[in-house]
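Okay, structure first, notes after.
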Amino acid sequence: MTSVQVDKQHDGNEAADSASGEGYHRALGARQIQMIAIGGAIGTGLFLGAGKGISIAGPSLILAYAVAGLVIFFIMRALGELLMYRPVSGSFSEYAREFIGPFAGFATGWTYWLFWVVTGITEVTAAATYMTYWWDIPQWLSALVFTVILYGANLISVKLFGELEFWFSMVKVTAIVGMILICAGILTLGFSDAGDTATVTHLWDLGGFFAGKDGIFSTLMTLQMVMFAFLAVELVGVTAGESKDPKTVLPKAINTVPWRIAVFYVGALIMILSVVPWTAFKPGVSPFVAAFEKMGLGIGAAIVNFVVLTAALSSCNSGMYSTGRMLRDLALNGQGPKVFTKLTKSGTPLVGTTVSAALMMVGVWINYQWPGEAFNYVVSFATISGMWAWIVILICQIRYRLKADRGELPHSSFKAPGGIWLSVFSLAFIAMVIVTMAMDTDNRVALYGAPVWGLILAVSYLVLKARNPEGAAFAKRSDREPVQS
């Protein structure tokens, strides 16, 4: 949605109908949005990345997920406040344009696009890793096949996309709930090979709760992996432009964040680490698959491996959905090539999705060159680019709330708790995570790449502005007609 289009909206109903003016179809219903919100936070970071986190921090990884999850809820409520103020497609970059400035909108849109391209590489890498459980085939070949298939799947209607994501998420949710129930049964009834040794005391007996090599410092060093696991929870903001009733559906989806994290992350890890000692887990191996194998349930391990394969492909599918729409938002605002505005008859961004899928093919090359380290390489890049969206959301919420409190803008119908102070706390927490990344030699490479990416964005922006200095995309919000809600 262009800023000019947004400025012409006069009430919530007109905002809700605006997607048809963009060419998008408001076909995502409450059931689909809820499951996209639930499934968005369940992916590679939990199913594969948690294995490395457990080996580093031991049981205290549970605490890391709980604390980081609380911060994620604060971020989502900040996003919810902005969405109810103005539900628009390309929400992150649009809010950045309004509350920070035109360059911030430009940088946010392109950075979020980069995040999903890199995340797509991460997810397809994980999927290729899962395939080696059954067949001894090259990882790069599996990555290539999956990328091609998912690209084709994304050139369908948004309604079908929502339906596919609904069932993908159902598979993930069912698998985690099933794992929790099986572990609970082992703890209480003592069946399976792990029945005689399963006990909740595993959480503190084997070296203590902070059993990592460096105690609580090891726990802090896992925060980068933990935050990566939560990346994509903000995807509901991208769906705002294609939701049938955003002002009703989106708040409900956001308010499910606490119990999602409590059940799917904290609850699942408590159960797994109670049944199987944390010392049995290794980096690069899904803790869910490893747990079933330790229980002597070989078929269960194969089933879980299929589920985590589905989870990775689901996340990659969501990435292709998001990248095409973010590129189109940039193009509509004059901050990207006009060719990205092209839609198919079913309302999907053809060119943007095609270009993004082509770049995801880089993941195939990464898997070919470094099949053992590919996952770790791309995780750090995905995390730093994804956290930029969270930083922008928090800054925009702070500036919006201050303006609303001064009477310059109407208050949102879905206020974030704590006003601006929980957003300030969340920004400080993200800053701490970035510091831990700088202290880790494996993740430091992402911080080296961030300034390079920033320089590319700055030069590109200046070139575009020089070509069209009077364009609306480069004007401050104060120079335009005020937004009405």
Side-chain angles (χ1 to χ4, degrees), residues 38 41-70 72 133 172-216 218-223 225-226 229-230 258-308 311:
I38 292 173
I42 306 173
T44 307
L46 174 63
F47 286 124
L48 183 60
K52 183 178 180 180
I54 292 170
S55 68
I56 293 174
S60 65
L61 182 67
I62 297 169
L63 179 62
Y65 274 114
V67 174
L70 185 62
I72 293 300
Y133 179 85
K172 292 186 282 187
V173 169
T174 301
I176 295 178
V177 172
M179 170 64 91
I180 291 174
L181 293 177
I182 290 173
C183 289
I186 292 173
L187 285 168
T188 55
L189 303 177
F191 64 84
S192 90
D193 293 350
D196 293 336
T197 58
T199 171
V200 293
T201 62
H202 285 331
L203 299 177
W204 58 82
D205 278 350
L206 303 175
F209 185 70
F210 295 98
K213 179 181 178 181
D214 298 312
I216 193 171
S218 294
T219 308
L220 292 175
M221 293 304 292
T222 65
L223 286 176
M225 289 176 283
V226 169
F230 290 127
W259 71 260
R260 275 189 273 155
I261 293 171
V263 173
F264 300 133
Y265 284 89
V266 177
L269 286 178
I270 287 175
M271 287 298 183
I272 289 175
L273 296 181
S274 294
V275 171
V276 181
W278 73 269
T279 53
F281 297 97
K282 299 178 180 179
V285 178
S286 168
F288 288 77
V289 174
F292 268 119
E293 289 179 339
K294 294 295 182 181
M295 296 174 196
L297 303 175
I299 294 178
I303 293 173
V304 171
N305 198 69
F306 169 75
V307 172
V308 295

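Side-chain atoms are counted along with the backbone in the values below, which use heavy atoms only and exclude waters and symmetry mates.
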Item to check | Audit row: M179, F292, side-chain contact (heavy atoms from CB on, under 4.5 Å) steps and yes/no | outcome: CA-CA 9 Å; M179 170 64 91; F292 268 119; 3.5 Å; yes
Checklist entry - What pairs with I176 under side-chain contact (heavy atoms from CB on, under 4.5 Å), at least two apart in sequence or on another chain? => result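 Residues passing side-chain contact (heavy atoms from CB on, under 4.5 Å) with I176: I42, L46, F47, I180, F264, A268, F288.
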Hey, is the main chain of [Y] close enough, under 3.5 Å, to the side chain of [X] for a donor-acceptor pair?
X    : Y    : result
Y65  : A262 : no
W204 : F210 : no
H202 : I272 : no

Next on the checklist: Minimum heavy-atom separation for L206 and A211, please, with both atom names.
Outcome noted: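 Taking every non-hydrogen atom into account, O-CB, 3.6 Å.
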Next on the checklist: Looking at every heavy atom in both A50 and P287, which two are closest together, and how far apart are they?
Outcome noted: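 So the minimum-distance heavy-atom pair works out to CB-CG, 3.9 Å.
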Item to check | Given L269, T219, I54, the one that forms side chain to side chain contact (heavy atoms under 4.5 Å, CB included) with I62 | outcome: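 Result for side chain to side chain contact (heavy atoms under 4.5 Å, CB included) with I62: L269.
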Non-hydrogen side-chain atoms of [X] and [Y] separated by less than 4.5 Å:
X    : Y    : result
M225 : I56  : yes
Y265 : V226 : no
M271 : V275 : no
L203 : S274 : yes
S55  : F281 : no

Nearest 0.5 Å please: distance from the [atom1] atom of [X] over to the [atom2] atom of [Y].
X    : Y    : atom1 : atom2 : result
D196 : I186 : CG    : CD1   : 11.0 Å
L187 : L189 : CG    : CG    : 9.5 Å
L273 : W278 : CG    : CH2   : 10.0 Å

